Number of protein chains: 2
Amino acid sequence: MSKQTDSQLAEREEQLQKRYEAYRALGLDLDLTRGKPSREQLDLSAGLDAPINGAYFAEDGTDVRNYGGLLGIGPAREFGARLLGLRAAEVLVGGNSSLTLMYQYVAFAHLHGLSGPGTSWSAEASASRGKVKFLCPVPGYDRHFTICEHFGIEMINVPFAAGGPDMDAIEAHVVADPLIKGIWCVPRYSNPTGHTYSEAVVRRMAGLPRIAGERFRIMWDDAYAVHHLTDDPPPLANLMDACRALETTQGLVVTGSTSKITYAGAGISFLGSDPGNVERFSRFLSASTIGPDKLNQLRHTRFLPTAEDLSAHMHRHREVIEPKFRRTIEILNEELGGKDVLEWTEPQGGYFISSDTLPGLASRVVALAADVGVKLTPAGATFPYGRDPQDRNIRLAPTFPPMAELEQAVRVFACCVELASVQKLRAG
Amino acid sequence: MSKQTDSQLAEREEQLQKRYEAYRALGLDLDLTRGKPSREQLDLSAGLDAPINGAYFAEDGTDVRNYGGLLGIGPAREFGARLLGLRAAEVLVGGNSSLTLMYQYVAFAHLHGLSGPGTSWSAEASASRGKVKFLCPVPGYDRHFTICEHFGIEMINVPFAAGGPDMDAIEAHVVADPLIKGIWCVPRYSNPTGHTYSEAVVRRMAGLPRIAGERFRIMWDDAYAVHHLTDDPPPLANLMDACRALETTQGLVVTGSTSKITYAGAGISFLGSDPGNVERFSRFLSASTIGPDKLNQLRHTRFLPTAEDLSAHMHRHREVIEPKFRRTIEILNEELGGKDVLEWTEPQGGYFISSDTLPGLASRVVALAADVGVKLTPAGATFPYGRDPQDRNIRLAPTFPPMAELEQAVRVFACCVELASVQKLRAG
């Protein structure tokens, strides 16, 4: 498109402007913002609410209705271990949100101290008159960044390379600054880029705690562990095993949940680390809770008792959402293919398509779409502090809307992208 | 007993020692420590797990299975309002633990700031080189005290008078020290003393925020709001209404849960305050969660849709636990009546009997009982820092054990109390 003459561009702008006004006339109210499962997906887990008929007892006799059990019930710890490639003794099972477990872990490390009084990140930073910092591969997950902002932890952007985050940059950072205390990773189908980290990246990641110090934590958010969109999902090496080999398990915190397996708001969550870490973390939690909802843990382990059940269940999710991803990409190709105004990913799993406009246009595109009733994730949301240095990245979430609404919203998006691009090219 | 001669006491000690050794020979394993509902009580809520049959939608159309809804679903906010004497707009509904909401509220106020950056209790304390403090009516609930210890908030003991905590002492404290930022109250069937605060106490409590400053909070833990043991429960004046009259609602935080109504570990919880406070608190929570388990909220509102249903349900609880309280008190009377070695309460509701030994004997009694297989709440647990200044208070929790075990445990307890007392009297 950049090779077109100004009169060609002017003509195109006029066409797009007409189309854009036609969208406005439709009075749309569409939403591509959040990675939420659709109703059809939620319905797949109706079996979770099967009658309990008095069977309120875990295998060890625990009455799941009563108080207690900070680590979660045994079968749920095994469920988490299967899901995340851990051992059951390494898993703590929480309530309905792994985000809460991540937040609590950061609170534990930052304010309370991973190994007792005086060992908190914030105390270490005060002592050296510096600031606690986290590395953030970008674009990434906004709610990870919110946790850091909430605690006043400074964030440092790290770019992605082909196999995952740029490990050279990461290693250089942690060598240079001992107050870098963590890194946020979504190692499989990374939100939003779709990266699955290569074996080389995982291997280097396992060595990171050695150079970053004993209070450094890899926050390994395996949110999309079983959320494949293809028959042949890319392999992800097991970081816990790699850490075991290097004796760096104390530096690893793995999280996950069933939010996008069963119910987004009523699932169960997992935090895994070496058993000593898990024990210390659970003691920290004991000030704020007498234990998680074990009945919901029991429901989950009964609904999906084996790896095969889980795999079959996730295949049913794929049948619902894969056509939505496919259709989104088809429309982007139809509307924008060959025009060099947008790059987008074709994810093999997860919940997002990541797109990049021409530099400086993401906010403009989001504003244009909003103006005709299509809500997109705010420009910048995938970067720390909401600041996309190039103002390019827009995250698309195709799972929630019904197909017809999705198609409409993607066409509007494409129109806005092209309109903003033509205007930019004409301006200069 | 103190009027007996030494030879009478010596004879009695020998009898008690024999009885104590006979208990040891039984190899008991009994537990009077925790205020947990019994299995029979949990069974009363089996209706909570009625089939859902696709009815996953709150009245406003919210799909309770999906993400979102930080304040909780409408009907659950109404449930909390009915339970705690509030308006629905004043209620936030959380997960399975009101303790977690209290902890989060204290974290919010102490570390984050009730009205934004720079307004945290800890910042105010640093600025004046002092320490944040809480008033603690004693004996009280150990987990309230744990929250203060966890955050390094200093605790000041306040004694009970007939109508509740000593309001003269409380008012004098807050006038003298602006860094006193809160008070823990269990206004109805106080844990463990059983006090229900008088109307005069509630009225003075409502005025407290006026003299204690805008960041002071009354933590009003109405844990036993509907947990009556008699037909004629003592009235508790509505503190929120009293605060409304004095325009001090910003100083009040009311909490409660269904832990001792439905399932101790799988209920729902409530935090109430004025709507502005609730809104600011929910924004604080948004860093750590996308929302509570709304499906469990829906289950609860369907299981107990009206005040009458709740009242009938609580009557069934009473039928299960009132005989346990009665029997405990009968045995204490039988064993220790007129001996002047133990004082105990006869609660009209709640979960505990509070007892006081002769000064200095509580730890000894707890150790004696433990030695023959009867676990009692650790001496001191009902006081901040686990320090009972007189070493007298022992909390008894009769609800959980089956009746036969309860009777046995109470007899052992009585024997240990008398044995320790005789030994003390003989030692002079």
Side-chain angles (χ1 to χ4, degrees), chain A residues 34-39 42-43 45-46 48-54 56 63-69 95-97 99-104 106-107 111-112 117 143 146-147 149-152 259 262-267 284-299 400, chain B residues 34-39 42-43 45-46 48-54 56 63-69 95-97 99-104 106-107 111-112 117 143 146-147 149-152 259 262-267 284-299 400:
Chain A
R34 274 276 154 212
K36 285 166 73 166
S38 63
R39 180 171 169 181
L42 297 168
D43 285 343
S45 296
L48 202 57
D49 302 310
I52 295 176
N53 294 326
Y56 293 106
D63 188 330
V64 298
R65 298 167 298 181
N66 223 322
Y67 287 119
N96 74 328
S97 167
L99 186 73
T100 301
L101 291 174
M102 295 175 226
Y103 175 96
Q104 289 168 322
V106 171
L111 302 174
H112 192 86
R143 286 184 174 270
T146 301
I147 290 175
E149 268 198 270
H150 181 93
F151 289 108
S259 290
T262 57
Y263 295 151
F284 168 80
L285 291 183
S286 72
S288 63
T289 177
I290 306 182
D293 182 337
K294 301 184 296 299
L295 176 51
N296 205 30
Q297 295 182 5
L298 191 68
R299 281 191 201 101
F400 186 69
Chain B
R34 274 277 154 212
K36 285 166 72 165
S38 64
R39 179 169 170 184
L42 297 169
D43 286 343
S45 297
L48 202 58
D49 302 308
I52 296 177
N53 294 326
Y56 293 107
D63 187 332
V64 298
R65 299 167 297 180
N66 223 322
Y67 287 119
N96 74 327
S97 166
L99 186 73
T100 301
L101 291 174
M102 295 176 227
Y103 175 96
Q104 289 169 322
V106 171
L111 302 174
H112 191 86
R143 286 183 174 270
T146 300
I147 289 175
E149 267 200 271
H150 180 93
F151 288 109
S259 291
T262 57
Y263 296 151
F284 168 80
L285 291 183
S286 72
S288 64
T289 177
I290 306 182
D293 183 337
K294 299 183 297 299
L295 176 52
N296 205 31
Q297 294 181 7
L298 191 68
R299 280 191 201 100
F400 186 70

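In what follows, every chain begins at residue 1, and chains take the letters A, B, ... in the order their sequences are listed. Note that this is a predicted model, so its numbers are computed, not measured. All heavy atoms count here, side chains included; hydrogens, waters and symmetry mates do not.
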For chain B, which of [options] has the most heavy-atom pairs under 4.5 Å?
| options | result |
| --- | --- |
| His112(A), Lys294(A), Met102(A) | His112(A) |
| Gly291(A), Gly68(A), Ala264(A) | Ala264(A) |
| Leu295(A), Asp49(A), Thr146(A) | Asp49(A) |
| Tyr56(A), Tyr67(A), Tyr103(A) | Tyr67(A) |

message = Tell me whether Thr100(A) contacts the main-chain N or O of Ser288(B) through its side chain, where contact means a donor paired with an acceptor under 3.5 Å.
response = yes

task = Test side chain to side chain contact (heavy atoms under 4.5 Å, CB included) on Leu111(B) and Leu111(A) and set out the steps.
result = CA-CA 10 Å; Leu111(B) 302 174; Leu111(A) 302 174; 3.6 Å; yes

ask   = If you take all heavy atoms of Ile147(A) and Ala287(B), which pair is closest and at what distance?
value = CG1-O, 3.7 Å

task = Only counting residues at least two apart or in another chain, list the ones meeting salt bridge (charged side-chain N to carboxylate O under 4.0 Å, His left out) with Arg34(B).
result = Asp142(B)

inquiry  = For Arg65(A), give me all partners under salt bridge (charged side-chain N to carboxylate O under 4.0 Å, His left out), at least two apart in sequence or on another chain.
reply    = Asp63(A), Asp43(B)

Stepwise side chain to side chain contact (heavy atoms under 4.5 Å, CB included) check, Arg39(A) with Asn66(B) = CA-CA 8 Å; Arg39(A) 180 171 169 181; Asn66(B) 223 322; over 6 Å; no

query = With only heavy atoms counted, which part of Ser286(A) is less than 4.5 Å from chain B, the side chain, the backbone, both or neither?
reply = backbone

query = How far apart are the C-alpha atoms of Asn296(A) and Asn96(B), what are their side-chain angles, what is the distance that settles it, and do they pass the side chain to side chain contact (heavy atoms under 4.5 Å, CB included) test?
reply = CA-CA 11 Å; Asn296(A) 205 30; Asn96(B) 74 327; over 6 Å; no

inquiry  = Quick check for you: among Ser38(B), Gly54(B), Ala107(B), Pro292(B), which has the greatest number of heavy-atom pairs under 4.5 Å with chain A?
reply    = Pro292(B)

ask   = Measuring heavy-atom distances to chain A, does Phe400(B) have an atom under 4.5 Å in its side chain, in its backbone, in both, or in neither?
value = side chain

